[in-house]
Amino acid sequence: MHTTKEKRPSYRPLVSNKVLQQTMGRYYALTSWHRYWGKFLRRPLAWVTSGAPVELLRAFNIHCAYPEQYAAIYSARKATVALCEVAEAAGYSQDLCSYARSNIGGVLRPDLAPLGGMPKPDLLVACNNICGTVLKWYEVLARHFNVPLLVLDTPFMTDQLTPQAKDFVIEQLSAMAADLAEITGRRFNEKKLAEQMNLSRKITSLWIETRQYCQASPSPLNAPDLFINMAPIVVLRGSQKGINFYSKLKDEIKERVELAQGAIENERIRLVWDNIAIWPQLFSFYKMFSEKGACFVTDTYSGGWAVEQAPGTPIESMATTYTEVFLNRSPKFRANQLINLIKEYRADGFVMHSNRSCKPYSLVQEVIRREVMRETGVPGLMIEADMADPRAYAEEPVRNRVQAFLETFDDLK
Amino acid sequence: MVETINPTDSKEALELLIEEASLKGSDRLSRYPKHRFFGYFCSYFPEELIIAAGLHPLRLLPDSENSTPVELPAYCCSLARGTLDMEVREKWRDLVGIGFAHTCDTMQCLSGVWASSGQSKTVDIVPPVMLKAPGASRYYHAELHTLLSKLTGLTKQEIKAKAIRNALILCANARKLAAELDVLRPNLPSPLISSLLRAGQLMPRSEYTQALVNSLPALKAMAEEPHDKAKVLVSSAVLENDSLFEMIEELGGRVVADDTCTGFRHFSGVTVGESEDPLLDIVQRYSEMPPCPCKNRSLNERISYLTTLAKQRHAQGAIIIIRKYCEPHAWDAATLSERLRKNGIRTLTLELEGANAGGQERTRLQAFLESLPDYEL
Ligand code: SF4
Ligand code: SF4
């Protein structure tokens, strides 16, 4: 039964959302119209993976577009199924990552893609620090567009970063700088790279600070806020526009904390989220929680961009920072990360999205879940879905599992 | 049982190899009571170093394609699920350790899951993915050094350069013999060849090479011109049994080119032995062998290699197998199929849960083989 109070919207909108929309709107417009200004300004367009060393590209004045980001938009705008079907008909198995499939669908049928699809790239840059999928995906794109593909191979870390892995990545980054110089006709300027790294550091600090405010009770942000507000840290890292946005967001969140305004009404249960958002159900899914006073106070996904740069020269720092990305690390590391989040954010439990699309994120989750529960004593729920393809989402079983999980807190509180 | 291990009679040697291939190592303790085995998953795990450490490399293959260990979700390939389930059932208890070579995302995860929930000791090596990237060889070489010290830690015995050299020679010999088998492929039943090659990933290698040498006369005697067979190339990840090859043969096909992880791809490529440092020879071999879809030597190398191979062997068709949830092979399937077709080679893509081909596959395979130009029965 809902009380009148509970009928009020359980979601508190952010004032800075407007700035977010403006900032991102401008970015998408610029990207869409790249063909009109790119050549003129000698700024090629690169499609890059979310873990690519974007500071280096920016140091060459390259404009970056993120297929993963577009794929999330396709999904939020309910275009994923149609696009995936195009890719599937072209021979790409339904079991492949839905970001990749919908991106390929959009390449083959831009008319079906929101925003008119992505503008054609001049080059492709992939880094396998997030998965092996990106290599295969970008190989397909490189053949299709017949443009250069630069790959940064960041060896998977079974434990600590080894000296040989670090040297290997440094060597590749230096070679990549030389390749980019040739592609863009610009010289590699280490000072410019240092400036980019500086801007990146600033934006990352703001994102870290903003997130840390969620340690307060009630938490000023809930998972959908985190997912929506992470867009600029991904696509505008190293830009002043991104910094401006996060300054505003941080101020607003700080104020929320001072006023003890929670992201949801009556925060009762504090949870941590693990894995990529369920984009097609962004509001309905998380509403099942917020209705019951459960707030996702932090997450591992958008937290992937809240990592400080490693020390060293710009290239050394990039080598370490990009290799040490959490998806490139062992389940042991990931379990510790989750344990720390639960402690720091005083969480009562955690929810893992077993994401059919993303094997590196998901296949290890069960052993992590057990370890985290053992170490922290808080319950962890596993839910099977897909970040973008709604065909993998079974509403009823998910609802039942969520309800049962949330009821366990009724007994405890 | 030692006398059955190394028969000198050609036919018996052949029988032994076939038996070993079907046992998939399950009888190792009674057959080879004095041997210590070390499990591995992938052809990129350098078996030379396992042998140099005084151990016997055993490729881990699942005993069922329907296992669902709780540690892994259902949307994970049955190779990972099946072998992990066997770990839970303590089927690998006697192994000195289990080696993981970083290849696909699933293997990467399996190694972590195994280390967290299994009893066996695990050892990882992370070869470069971009095999020709600047610094890749140096990195690979350093990784091999690290692997050497991990293996030393496991056996508590120093691994001498001489032992590595000897292992290189043994492996080179096995590969040379496998290449001889591969040449006989058009003239011999396909499931037989696939069995013989699989045995070479399960048995102690000296026993294997010896038995293979001894069985070659029998094999050569059996060889005959395949007049009316439809010639096909098969590309796949791991196949733990000969079900598919049997079906192809039954339906009038013949596998003339084999690009499977557990087939000839495992042995293909060169073995060199000239460097002062044997680890450099290992780097060179594994960097230059025909790549699997998880590795990149250049954008189109794998696709071109397979197209050329199919043409050289006069394949009329290609059967591309996707093990359910196996991403790397699924990714290449579309491009490979397109490229082969452009070269006049028909293709059939089949998705299998494991290695077993069933009724549905039979119908599709039959229709496919019948559609090939020279097919007549
Ligand atoms: S497999 Fe996972 S990490 Fe890789 S592109 Fe897809 S969602 Fe991203
Ligand atoms: S390559 Fe394919 S079959 Fe082999 S472990 Fe990876 S996903 Fe499984």
Side-chain angles (χ1 to χ4, degrees), chain A residues 87 90-93 95-97 100 104 128 131-133 135-137 139-140 142-143 149 151-159 162-165 167-172 174-176 328-332 334-335 354 356-368 370-371 382 384 392, chain B residues 69-76 80 100 102-117 122 124-131 133-136 138-143 145-146 293-296 299-300 303 322 324-328 330-335 337-338 349 351:
Chain A
Y92 297 97
S93 158
D95 297 323
L96 297 173
C97 164
I104 291 171
N128 61 1
C131 62
T133 286
L135 172 65
K136 303 311 293 175
W137 174 8
E139 281 176 356
V140 168
R143 291 186 194 110
L149 164 63
V151 180
L152 181 65
D153 183 3
T154 46
F156 181 74
M157 290 170 60
T158 53
D159 192 7
T162 59
Q164 65 251 33
D167 289 346
F168 178 36
V169 180
I170 289 175
E171 198 160 339
Q172 291 175 80
S174 306
M176 191 181 268
N328 205 35
R329 306 198 67 168
S330 67
K332 203 164 154 214
R334 295 214 349 232
S354 179
R356 290 174 70 96
S357 266
C358 187
K359 297 203 165 60
Y361 217 142
S362 308
L363 295 191
V364 288
Q365 275 175 311
E366 181 54 26
V367 293
I368 295 177
R370 291 185 192 176
E371 170 75 11
M382 186 83 78
E384 196 177 312
Chain B
V70 288
E71 291 84 358
L72 287 171
Y75 55 87
C76 166
F100 292 85
H102 181 270
T103 45
C104 66
D105 290 336
T106 301
M107 224 1 97
Q108 164 185 311
C109 291
L110 186 65
S111 138
V113 168
W114 211 294
S116 313
S117 59
T122 62
D124 291 281
I125 177 166
V126 185
V129 172
M130 304 305 290
L131 290 162
R138 206 166 322 129
Y139 164 72
Y140 207 163
H141 186 241
E143 273 294 292
H145 263 292
T146 310
C294 302
K295 303 279 173 209
N296 175 307
L299 183 59
N300 290 314
I303 308 294
I322 302 177
K324 184 79 178 149
Y325 304 119
C326 168
E327 297 203 352
W331 271 112
D332 272 5
T335 312
S337 172
E338 187 192 300
T349 303
E351 194 177 80

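Labels below follow one simple rule: chain letters A, B, ... track the order of the sequence lines, proteins then strands, and each chain is numbered from 1. Everything quoted here is computed from the prediction, not taken from an experiment.
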(Q) Under a 3.5 Å distance rule, please check whether B/Asp105 uses its side chain to pair with a backbone N or O of A/Cys131 as donor and acceptor. (A)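 No.
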**Q.** Short side-chain to backbone donor-acceptor contact, A/Arg143 and B/Asn300, under 3.5 Å
**A.** no
Under 4.5 Å heavy-atom distance to chain B, tell me which part of [X] shows up: side chain, backbone, both or neither.
X        : result
A/Arg370 : side chain
A/Ala90  : backbone
A/Lys332 : neither
A/Glu384 : side chain
A/Ser330 : neither
A/Leu96  : both
A/Val364 : both
A/Asn128 : side chain

Q.
Please identify, among A/Ser174, A/Ser93, A/Pro155, A/Ala175, the residue contributing the most non-hydrogen atom pairs under 4.5 Å to chain B.
A. A/Pro155
Q: Determine the option with the most heavy-atom pairs under 4.5 angstrom with chain B, choosing from A/Met382, A/Gln172, A/Glu366, A/Arg356.
A: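 The residue among A/Met382, A/Gln172, A/Glu366, A/Arg356 with the greatest pair count is A/Arg356.
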Between [atom1] on residue [X] and [atom2] on residue [Y], distance to nearest 0.5 Å:
X        : Y        : atom1 : atom2 : answer
B/His102 : A/Thr158 : NE2   : OG1   : 10.0 Å
B/Lys295 : A/Asp153 : NZ    : CG    : 7.5 Å
B/Cys109 : A/Gln365 : SG    : CD    : 9.5 Å
A/Tyr92  : B/Thr335 : OH    : OG1   : 4.5 Å
B/Cys294 : A/Leu135 : SG    : CG    : 9.0 Å

Looking only at heavy atoms and a cut-off of under 4.5 Å, which of [options] has the most pairs with chain A?
options                                : answer
B/Ala133, B/Ala333, B/Ser337           : B/Ala133
B/Pro134, B/Gly112, B/Ala74, B/Pro128  : B/Pro134
B/Leu110, B/Val126, B/Ile322, B/Thr349 : B/Val126
B/Ser111, B/Pro328, B/Cys104, B/Ser116 : B/Ser116

What are the two closest non-hydrogen atoms of [X] and [Y], and how far apart are they?
X        : Y        : answer
A/Pro360 : B/Gln108 : CB-NE2, 4.2 Å
B/Val113 : A/Pro331 : N-CG, 4.3 Å
B/Leu72  : A/Leu363 : CD2-O, 3.7 Å
B/Tyr75  : A/Ser354 : OH-OG, 2.5 Å

Atom group of [X] that falls short of 4.5 Å from chain A, counting heavy atoms:
X        : result
B/Thr106 : both
B/Glu143 : both
B/Pro127 : neither
B/Ile125 : neither
B/Ala136 : both

Q: Answer yes or no: is there an ion pair linking B/Glu327 with A/Lys359, defined by an N-O contact shorter than 4.0 Å?
A: yes
Q: Classify the side-chain pair A/Gln164/B/Thr146 by whether it contains a donor and acceptor separated by less than 3.5 Å.
A: yes
Q. Would B/Asp332 and A/Glu139 count as a side chain to side chain contact (heavy atoms under 4.5 Å, CB included) if you check the C-alpha gap in whole Å, the side-chain angles of each, and the deciding distance to 0.1 Å?
A. CA-CA 9 Å; B/Asp332 272 5; A/Glu139 281 176 356; 4.2 Å; yes
Q.
Students often mix this up, so state it plainly: with edges at 30° and 60°, are the rings of A/Phe168 and B/Tyr139 parallel, tilted or perpendicular?
A.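 Rings of A/Phe168 and B/Tyr139: parallel, under 30°.
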